[in-house]
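Everything on this sheet refers to the single structure shown next.
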Amino acid sequence: MQVFKEIIARWWSEFTLQTKLMAIATLVVSLFMSSLTFWAVNSIQQDAQINDTRFGRDLGLLLASNVTPLIAEDKLTEVAQFSGRFFHSTSSVRYIIYANEEGHIFFGIPFSQDEVKNSLTIQRKLELPEDYNPNVSNPVVRQHLTPNGKVTDVFVPLSLENQYLGVLAIGINPNPTVVASSNLTRDVTIAVFISIWAMVILGGVFNALTITQPIKELLLGVKNIATGNFKQRIDLPLGGELGELILSFNDMAERLEKFEEQNIEELTAEKAKLETLVSTIADGAILLDSQLKLILVNTTARRMFKWEETHIIGENLLEYLPPEVTQQLYEPLKHISQDEHTEDEKDHHNILPTRGEFRISLNPPNQNTFRILLTQVLDQNRENIKGIVMTVQDITKEAELNEAKSQFISNVSHELRTPLFNIKSFIETLFEYGDDLTEAEKLEFLQTANNETDRLTRLVNDVLDLSRLESSRSYEFTPLDLAQPIEQTLRTYQLNAKDKNIELIQDIEPSLPPIWGHYDLLLQVFTNLVGNALKFTLEEGTVTIKAYAVKANPENPSEYSHVRVEIIDTGIGIAQEDQEAIFDRFFRVENRVHTLEGTGLGLSIVKNITDKHNSRIHLVSEEGVGTTFWFDLQIYQERKLS
Ligand code: ADP
């Protein structure tokens with residue numbers, strides 16, 4: 001029962017208020033109509049009942065007055081004949097029964113003679129109503145229901161001259177027209193009741209089909225359009241205003257769809273252009289939203305921060321940056337991503353995007369240096385922050401170059417200061433105490449000043465050479481016979497070697513193929529290398545210049561790939577740990593171990609020149625045994641062939 005109630009409650013709650021009100025109104029109206037009709041029927045029936053009673057009583061009294069004398073005289077046959085005529089003369093009489101003073105039936109119509117006999121024989125007794133009094137001449141009337149309507153029973157006492165003779169019971173049929181009219185009224189009422197409901201239900205269905213349905217579809221369509229689904233159309237075959245509304249809706253949706261397509265095409269093209277632009281720029285470009293989540297990262301930025309393999313779009317930037325960068329950018333990023341403009345600024349619409357520039361160096365092993373620019377992206381009204389653009393430049397090379405430049409300048413100034421200081425002090429001494437010095441001392445001082453001047457000149461020349469080499473000036477190469485610069489070098493150092501009692505050996509392979517190079521530059525290489533060899537070789541030693549062609553293919557002796565040059569000395573050698581550093585500018589082992597003339601630039605110049613010849617200078621050295629510097633030069637013929 002409870003479940004049933006719940007089901008009804010749920011079913012009822014599904015209806016709208018309007019439907020509920022309509023159902024209640026219909027119920028009230030139909031109930032009112034039906035009760036009105038039933039009341040009418042009832043009153044008609046009551047009227048009929050009164051009429052039937054009155055009619056029955058009159059009829060009973062009439063019959064009684066006629067038959068009483070006959071019964072008194074015991075003329076039962078005449079009673080039967082009279083009653084028969086009476087019964088057949090009207091259709092209103094249902095039955096006529098006579099009973100004697102004890103209530104035993106002695107005659108009845110419409111019973112047959114036999115039946116009467118039988119009934120008489122079996123001594124059937126008439127059942128009298130309780131309020132029946134034989135001493136009162138007034139008849140008693142009651143009604144009982146039969147399938148054919150209410151039958152009025154009238155009991156009339158038969159008495160003549162105060163002698164009670166028995167009772168006459170007469171049954172009166174109900175009035176047929178009244179019965180028919182009351183039945184009709186009832187039927188009409190039921191029909192009215194049903195038709196009210198049928199009309200309401202039909203009206204509801206019609207309403208739902210013709211108005212509610214299209215309006216619901218339209219509502220759904222408008223909702224869809226509002227959410228951006230411009231493909232929405234309504235397909236309902238309706239005329240009139242609703243039909244026009246649907247047509248206009250479809251028209252509007254179509255226009256919107258076309259407009260959107262056009263817009264999307266334009267936007268996609270613009271986006272593609274911008275993306276291509278951003279991806280091709282040399283700087284790293286990163287776009288963040290105001291929550292610092294990554295929206296766009298170009299290829300350069302991915303490479304710089306090693307994000308090639310990582311899926312980072314939509315992630316928080318701070319979790320992916322190198323720690324040094326996060327450390328420096330955490331606060332600025334937080335600050336820049338928050339809208340910190342005053343109301344006054346906002347009112348005047350004069351907000352400029354906040355910017356920030358940072359220079360951040362990564363720790364080893366990366367050691368990259370980045371210049372990072374942060375710029376706010378403001379919305380159209382320049383009021384709210386939409387995101388942040390982060391531009392990243394890898395300035396590692398620039399930083400290194402700057403570092404090298406300042407190092408070089410400081411080294412050069414330091415190197416220049418020493419001979420200048422020496423010259424100044426000797427000349428000052430000569431100037432101030434010249435008179436107190438002997439001629440030999442004066443000469444010695446002058447000699448030293450002269451030597452220092454030479455050193456200064458050498459230094460300046462070397463610096464000039466090096467800077468000329470390092471500037472990206474291009475040198476014109478020609479085919480060269482290596483024997484010439486080698487012989488010139490040896491000639492220059494001939495006297496020097498003799499002084500030191502060092503043997504200079506020239507070991508050039510006969511018919512050496514010409515090489516591709518620059519005469520003056522190669523002469524400088526030989527000068528520097530042989531000069532060093534003589535400088536660092538003790539007396540009785542040897543310095544050899546060797547040049548020979550290296551065969552590329554041992555099976556074909558005529559095919560040379562390059563010429564190798566070796567400068568071999570039997571000098572003091574270079575310690576293993578210094579072997580790499582000696583090519584750096586101003587590096588001199590003797591700064592630590594001994595003092596010999598030199599600028600520390602010679603080998604840097606050699607390295608630069610061999611680089612210019614697409615070659616590399618190598619060395620093999622053992623302390624106390626000697627040193628060999630060697631490098632390869634390209635053969636001219638091979639170059640021509642290739
Ligand atoms: P410097 O002009 O002072 O010789 P270099 O650049 O030519 O400068 O040489 C750098 C250093 O390399 C020298 O100071 C020396 O210690 C070392 N060095 C160069 N050549 C030789 C060599 N043949 N034998 C031993 N040490 C050498």
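Both counts, for ligands and for their atoms, begin at 1 and track the order of listing. Residue indices begin at 1 and follow the sequence shown.
Side-chain atoms of W307 come within 3.5 Å of backbone atoms of Y320 as a donor-acceptor pair (strictly under, hydrogens ignored).
When only interatomic distances are considered, the shortest N/O to N/O separation between D569 and ligand 1 falls below 3.5 Å. Considering backbone and side-chain N/O of I572, none are found under 3.5 Å from N/O of ligand 1.
When only modelled atom types and interatomic distance are considered, D394 and T396 share a side-chain donor-acceptor pair under 3.5 Å. Side-chain contact annotation: E428 with Y433, donor-acceptor N/O pair under 3.5 Å absent. A donor-acceptor contact closer than 3.5 angstrom links the side chains of D465 and Q524.
Counting heavy atoms from C-beta on, the side chains of T300 and M304 come closer than 4.5 Å.
Residue-ligand proximity: G571 is placed with every non-hydrogen atom at 4.0 Å or more from ligand 1.
Ranked by closest heavy atom to atom 26 (N) of ligand 1, the top entry among T627, I574, I567, T570 is I574.
Heavy atoms of F629 found under 4.0 angstrom from ligand 1 belong exclusively to the side chain.
Taking every non-hydrogen atom of G573 and a distance limit under 4.0 Å, the qualifying atoms of ligand 1 come out as 25 (C).
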